[in-house]
Undergrad: 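First, the structure itself, so that you have it in front of you.
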2 protein chains.
Amino acid sequence: MNLSLDDIRQKFRDCGLKSTPQRASIYQALVNSTAHPTAEDLFAQVSPTYPMLSLNTVYYTLTVLGSAGLVQEVNIGHDRARYDANLSPHHHVICQGCQDIIDVMDSRLDSLAPPTGLPKDFDITSYQVAFRGYCGSCRQSQSPNKGC
Amino acid sequence: MNLSLDDIRQKFRDCGLKSTPQRASIYQALVNSTAHPTAEDLFAQVSPTYPMLSLNTVYYTLTVLGSAGLVQEVNIGHDRARYDANLSPHHHVICQGCQDIIDVMDSRLDSLAPPTGLPKDFDITSYQVAFRGYCGSCRQSQSPNKGC
DNA sequence: TCCTGTTTAGGAATGATTACTATGTAGCAA
DNA sequence: TTGCTACATAGTAATCATTCCTAAACAGGA
Ligand SMILES: [Mn+2]
Ligand SMILES: [Mn+2]
Ligand SMILES: [Zn+2]
Ligand SMILES: [Zn+2]
């Protein structure tokens with residue numbers, strides 16, 4: 001992507017969000033990344049430019065951008081939240097060794113038929129496919145189940 | 001399902017796991033549920049029968065059963081882990097209001113083509129589809145995005 | 001029955017996230 | 001341009017799920 005700070009300020013205005021240097025930097029770091037960073041990752045990346053930045057602000061910013069629809073959480077486990085500013089429909093491959101998350105953009109996955117057998121009053125708004133496995137460097141360490 | 005405690009002791013033996021009353025009760029509560037409970041839920045359910053039960057033991061048991069392949073984690077957010085002893089291939093619908101998780105068994109979802117564009121040394125071992133939306137009772141409270 | 005490695009209970013520790021709050025500032029209007 | 005006000009920030013403290021640690025209990029095999 002590589003959005004400039006000016007592009008970002010414009011986008012914030014369009015969305016009715018206040019534009020602050022911290023907020024713009026955090027969003028820029030996220031939108032220009034494909035690594036699905038944690039809040040801490042973003043904090044570490046932006047900190048050098050804004051030494052006063054608080055990790056708290058990163059969390060607050062992510063929830064604000066989240067409820068504006070500019071950022072989504074990606075859950076690969078219950079441990080820590082990972083964030084994604086890639087709004088085009090896509091899916092994820094997760095390495096169970098290093099926890100890396102790779103984007104999958106495969107249009108065949110974007111029009112799955114709605115699932116059968118649901119309560120009829122259930123309103124599905126979106127879905128995502130999560131593939132799991134092991135990346136090249138984690139393959140050998142892939143531990144088999146003990147019993148069974 | 002409705003497995004008896006004897007069935008469960010047998011299954012543990014088959015898997016090479018020690019059978020203790022606590023362990024069997026925890027697994028029984030989980031395997032006979034479709035609610036994808038948390039560790040705390042299981043603790044609350046088993047506690048009346050085993051007043052000395054420790055929440056710690058629930059966590060330990062779940063990791064043991066997990067590495068034996070009898071139990072899987074279902075992640076619907078980064079907040080708390082939900083557990084599932086339903087080993088038949090299936091998918092989930094998650095209500096974003098009440099966090100309920102409903103099983104989806106739709107065989108059309110069980111043979112998706114492997115995704116394109118991955119590093120060739122990536123080894124996919126499984127995948128799951130997570131549908132999100134709002135159940136009947138949570139529908140009205142479904143809050144729209146602020147900006148954008 | 002005895003032995004040994006696993007399991008349990010309980011308490012303490014960890015670590016990500018949230019809550020609280022005083023100060024700062026963006027955006028708007030006079 | 002200036003001043004106002006609501007929102008944003010930083011720092012600290014609190015929360016809470018999960019993990020760590022350890023002594024005692026115990027399951028399963030010899
Ligand atoms: Mn992504
Ligand atoms: Mn399930
Ligand atoms: Zn890996
Ligand atoms: Zn609901």
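Here is how names work: the chains are called A, B, and so on, in the same order as the sequence lines, proteins then strands, and each is numbered from 1.
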Undergrad: Between L55(B) and R9(A), which has a closest nucleotide on DNA chain C that is more 5'?
TA: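 The residue closer to the strand's 5' end, by nearest nucleotide, is L55(B).
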Undergrad: Determine whether the side chains of D123(A) and T125(A) contain a donor N or O and an acceptor N or O closer than 3.5 Å.
TA: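 Judged by distance alone, the side chains do not pair up.
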Undergrad: Would you kindly give the CZ-to-C1' distance between R23(A) and dT25(C), to the nearest whole Å?
TA: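 Answer to the nearest Å: 12 Å.
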Undergrad: Would you please confirm or rule out a distance under 4.0 Å between OP1 or OP2 of dT25(C) and any side-chain N or O of Q22(A)?
TA: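 Q22(A) to dT25(C) OP1/OP2: no side-chain N or O under 4.0 Å.
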Undergrad: What is the distance, to the nearest angstrom, from the OH atom on Y60(A) to the P atom on dT17(C)?
TA: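 It works out to 18 Å between those atoms.
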Undergrad: Measuring centre to centre across the rings, with the benzene-like ring taken for any Trp, is F12(B) within less than 6.0 Å of Y27(B)?
TA: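 Aromatic pair counts; centres sit under 6.0 Å.
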Undergrad: For DNA chain C, whose closest nucleotide is more 5', that of T38(A) or that of L17(B)?
TA: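 The residue closer to the strand's 5' end, by nearest nucleotide, is L17(B).
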Undergrad: Starting from P on dC7(D), measure out to CZ on R13(A) and report it in whole angstrom.
TA: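 Interatomic distance, CZ of R13(A) to P of dC7(D): 19 Å.
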Undergrad: To the nearest 0.5 angstrom, please state how far the CG atom of N32(B) sits from the CD atom of Q45(B).
TA: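 Going from the CG atom of N32(B) to the CD atom of Q45(B) covers 9.0 Å.
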Undergrad: If you only use heavy atoms from C-beta on, which nucleotide in dT9(D), dA9(C), dG11(D) is closest to the side chain of M52(B)?
TA: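 In terms of side-chain proximity for M52(B), the closest of dT9(D), dA9(C), dG11(D) is dA9(C).
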Undergrad: Measure the distance from OH on Y83(B) to C1' on dA17(D) and round it to the nearest whole Å.
TA: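 Whole-Å distance recorded here is 10 Å.
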Undergrad: Would one find a side-chain N or O of T61(A) under 4.0 angstrom from OP1 or OP2 of dT9(D)?
TA: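 Yes.
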Undergrad: Does the side chain of D103(B) pick up a donor-acceptor pair with the side chain of H91(B) at under 3.5 Å?
TA: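 No donor-acceptor contact under 3.5 Å links the two side chains.
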Undergrad: What is the separation between atom NE2 on H78(B) and atom P on dG15(C), rounded to the nearest whole Å?
TA: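 Checked: the NE2 to P distance equals 17 Å.
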Undergrad: Without decimals, in angstroms, what is the distance between D41(A) CG and dT17(C) P?
TA: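 Roughly 11 Å, once rounded to whole Å.
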Undergrad: Let me know the distance between CG of L53(A) and P of dA8(D), rounded to the nearest Å.
TA: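 The distance from CG of L53(A) to P of dA8(D) comes to 15 Å, rounded to the nearest Å.
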Undergrad: What's the closest nucleotide to the T57(A) side chain, out of dA9(C), dA10(D), dA8(D)?
TA: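 Closest nucleotide to the T57(A) side chain: dA10(D).
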Undergrad: Mind calculating the distance between CD (Q10(A)) and P (dG27(C)) to the nearest angstrom?
TA: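 Taking atom P of dG27(C) as the reference, CD of Q10(A) is at 12 Å.
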Undergrad: Are Y59(B) and dT19(D) close enough that a side-chain N or O sits under 4.0 Å from OP1 or OP2?
TA: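 Checking dT19(D) against Y59(B), no side-chain N or O comes under 4.0 Å of OP1 or OP2.
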Undergrad: Looking at R80(A), does any N or O in its side chain come under 4.0 Å of the phosphate oxygens OP1/OP2 on dT17(C)?
TA: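 No, outside the criterion.
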Undergrad: If you check the A81(B) side chain, which of dT7(C), dT18(D), dA10(D) turns out closest?
TA: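 Ranking dT7(C), dT18(D), dA10(D) by closest atom to the A81(B) side chain puts dT18(D) first.
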Undergrad: Is a donor-acceptor pair below 3.5 Å formed from side chain N56(A) to base dT12(D), judging by atom type as modelled?
TA: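 Between dT12(D) and N56(A), which were checked side chain against base, a qualifying N/O pair under 3.5 Å is present.
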Undergrad: Pick the nucleotide of DNA chain D nearest each of S19(B) and D79(B); which residue has the one closer to the 5' end?
TA: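 Nearer the 5' end of the strand: D79(B).
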Undergrad: Can you tell which of dA17(D), dG11(D), dA26(C) lies closest to the side chain of P21(A)?
TA: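 The answer is dA26(C).
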Undergrad: Between D6(A) and Q10(A), is any side-chain donor less than 3.5 angstrom from a side-chain acceptor?
TA: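 There is no such pair between these side chains.
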Undergrad: Filter on ring pair (Phe, Tyr, Trp, His ring centres under 6.0 Å), then keep only pairs touching residues 30-61 of chain B, sequence neighbours left out; what's left?
TA: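 Residue pairs with at least one partner in residues 30-61 of chain B: H36(B)-H92(B).
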Undergrad: I want to check one thing: is the phosphate of dC7(D), taken as OP1 and OP2, less than 4.0 Å away from some side-chain N or O of T20(A)?
TA: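 The answer is no; no side-chain N or O of T20(A) sits under 4.0 Å from OP1 or OP2.
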